[in-house]
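Take a look at the structure set out below.
Each ligand, and each atom within it, is numbered from 1 in the order the structure gives. These numbers were taken from a predicted model, which means no experiment stands behind them.
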Amino acid sequence: MKIERPRGTRDFLPEDMWKRRFTENAIMEVLNSYNYEEILIPTFEHLELFEIKSGEEIKKHMYVFEDKGKRNLCLRPEATASVCRMFVENLRNRQLPIRLYYSCPMFRYDEPQKGRYREFWQIGVELIGSKSSESDAEVIALAIDILKKLGLKFKLEISHLGIIRGLLNDLGISKDNQSMIFSYIDKGDLENIKKIMKSDIFFKLIDIRRKRDALELAHSMLDGHENSINALKELQKILRLLDFSEIEYEVNLGIVRGLEYYTGMVFEISVPNLGAQNQICGGGRYDELIELLGGPKTPAVGFAFGFDRIIEAMEMQKIEILSKNPDLLIAPANDSVRDAAWKLTMKLRKNLVEKRIDIDLMNRKLEKILEYASRIGVKNVIIVGEKDLSKNKVALRNMKTGEQKLVEIDEIAKNID
Ligand code: HAM
């Protein structure tokens, strides 16, 4: 019986995992350099955790199930709510701010297509405890530094939800209608918004796509809308800090994000030409979520990369990560030296930990081992022969040049690069 993998999941082959692990390590280096610490959250959580403030979009796409104890659980669709729960349960007595990161799969019952999976990986950060503009700017700068280190070309768009919220509040739009409007903006469905309200200023605002001067333009439209102006000023401070680091961005007040917990600055990063699913990162400030989850009032800001999309973007932009070939293959010249070859292999694996060391496990004849070695691209083959062994030597063959020489067993390390 042939059983296929579930829709929206993928198998990762060795060459995929090489690239993914290499990229993940590179990302983690930058995360560590910013003093973020790794955490891991459970794969499943109580359903209520995501019902409180994650929004309809996420709720519609969750994998929900009842366990044998009749508890309502779900596979995590994202990590921010879990990290806030973790903070409330385990971290609330620590010194603030707390800088955390995670790298793990998420599960959403989305319609699978290129760049959109039902099981996908996120690498994300949450900076908990600071309300300062520096913390907003820090997480954005961190995301940008990571993408620059990977060599990716991308586009950063930033907004502040307070600008539009302030206006909608002044226009007397109810909270429920605001959530609806936000979800229509997120889907680019302006027609449905027009059924709820017809403010010209609103439509002009969400259409702004400019560099920093966007804020002056927005300011001129928002005369008298105190809260919106305050949000504009907050965004201005963040942009000023990004300017210090020469980070390029576009202000796009039409960015509202698909999750409902955001309260301030929001941003998205996309990769042009990646296709319909070109958003590789999304994040923002959520100052109320921790309190909603039973914790003390605690501001927080963060983002998550769609790791699969980063890998796809790197492939599209031809950023190559070559997989590493094995360094050594130990080949017994005949059956009488199999034990000696085995012992030598284990000794080399112990002493040369950074090398990839293979041994023939198929009982092949020497000639066939050499054929196999060139097929898998091994750099060097060590041929263990009875006569050489008695002199404590082995033959070392460089598979690229074909050159072969006798070397002392204790000097193998010196003779390979
Ligand atoms: P999100 O925008 O829902 O935000 O997801 C972040 C990233 O995950 C997206 O930009 C996208 O690259 C990737 N992603 C989302 N859905 C899929 C999918 N079905 N297949 C492949 N990739 C996908 C969050 O999840 C927030 N928790 C981010 C955050 C952290 N905000 C503050 N802190």
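- Contact atoms of ligand 1 toward Tyr261: 26 (C), 27 (N) (distance under 4.0 Å to a heavy atom of the residue).
- Here's the thing with Tyr117: one of its N/O atoms is less than 3.5 angstrom from an N/O atom of ligand 1.
- Contacts between Gln277 and ligand 1, counted as non-hydrogen atom pairs separated by less than 4.0 Å, are absent for every part of the residue.
- A salt bridge between Arg257 and Glu268 is present, with a side-chain N of the basic residue lying under 4.0 Å from a carboxylate O of the acidic one.
- Residue-level proximity to ligand 1 for Arg116 is carried by backbone and side chain together, each with a heavy atom below 4.0 angstrom.
- Heavy-atom proximity to Ile280, at under 4.0 Å, picks out these atoms of ligand 1: 10 (O), 12 (O).
- Glu312 has no carboxylate O lying under 4.0 Å from a charged side-chain N of Arg309, or vice versa, which leaves the two without a salt bridge.
- Using a 4.0 Å cut-off between a side-chain N of Lys or Arg and a carboxylate O of Asp or Glu, Lys237 and Glu234 do not qualify as a salt bridge.
- Considering only non-hydrogen protein atoms, atom 18 (C) of ligand 1 sits nearest to Phe120 CD2, 3.4 Å.
- Under a 4.0 angstrom heavy-atom cut-off, Arg257 registers as being in contact with ligand 1.
- Distances below 4.0 Å separate heavy atoms of Phe303 from the following atoms of ligand 1: 29 (C), 30 (C), 32 (C), 33 (N).
- Atom CE of Met106 sits about 13.5 Å away from atom CE of Met62, to the nearest 0.5 Å.
- Those atoms of ligand 1 that come under 4.0 Å of a heavy atom in Gly115, given as number and element, are 20 (N), 21 (C), 22 (N).
- Shortest contact from atom 13 (C) of ligand 1 to any protein heavy atom: Gly306 CA, 3.5 Å.
- Residue Phe307 places every heavy atom at 4.0 Å or more from ligand 1.
- With salt bridges taken as basic N to acidic carboxylate O contacts below 4.0 Å, one links Glu4 and Lys2.
- The ligand atoms of ligand 1 that sit less than 4.0 angstrom from a heavy atom of Leu259 are 3 (O), 4 (O), 24 (C), 25 (O), 26 (C).
- Taking 4.0 Å as the cut-off between side-chain N and carboxylate O, Lys195 and Glu191 do not count as a salt-bridged pair.
- Within the 3.5 Å criterion, the main-chain N or O of Trp121 finds a donor-acceptor partner in the side chain of Asp308.
- Ligand 1 is never approached by Gly258 to a heavy-atom distance shorter than 4.0 Å.
- Annotation: atom 8 (O) of ligand 1 to nearest protein heavy atom, Gln122 NE2, 3.2 Å.
- Counting heavy atoms under 4.0 Å from ligand 1, residue Arg118 does not touch it at all.
- Only side-chain heavy atoms of Tyr286 come within less than 4.0 Å of ligand 1; its backbone N, CA, C and O stay farther off.
- Annotation for ligand 1: atoms under 4.0 Å from non-hydrogen atoms of Thr80 are 26 (C), 27 (N), 29 (C), 30 (C), 31 (N), 32 (C), 33 (N).
- Side chain to side chain, Gln122 and Glu78 fail the donor-acceptor criterion of an N or O pair below 3.5 Å.
- Using a 4.0 Å cut-off between a side-chain N of Lys or Arg and a carboxylate O of Asp or Glu, Glu315 and Lys19 qualify as a salt bridge.
- The existence of a salt bridge linking Glu371 and Arg364 is excluded, since no basic side-chain nitrogen approaches an acidic carboxylate oxygen closer than 4.0 Å.
- Counting heavy atoms under 4.0 Å from ligand 1, residue Gln279 touches it through both backbone and side chain.
- More than 12 heavy atoms of other shown residues, nucleotides or ligands fall within 6.0 angstrom of atom OH in Tyr63.
- For Lys60, the NZ atom is densely surrounded, since the number of other residues' heavy atoms within 6.0 Å is greater than 12.
- Near Glu78, the atoms of ligand 1 lying under 4.0 angstrom from a non-hydrogen atom of the residue are 25 (O), 26 (C), 27 (N).
- At the shortest separation from atom 31 (N) of ligand 1 among protein heavy atoms lies Tyr262 OH, 2.6 Å.
- A donor-acceptor pair under 3.5 Å links the side-chain atoms of Gln317 to the main chain of Lys153, judged by distance alone.
- At a heavy-atom distance under 4.0 Å, only side-chain atoms of Glu126, from C-beta outward, approach ligand 1.
- Within 6.0 Å of atom NZ in Lys149, more than 12 heavy atoms from other residues, nucleotides or ligands are found, so the atom counts as buried in its surroundings.
- Near Asp110, with a cut-off below 4.0 Å to any heavy atom, the atoms of ligand 1 are 19 (N).
- If you look at Phe267 next to ligand 1, there are no close heavy atoms at all, none under 4.0 Å.
- Heavy-atom proximity to atom 15 (C) of ligand 1, evaluated over Glu111, His61, Arg108, is greatest for Arg108.
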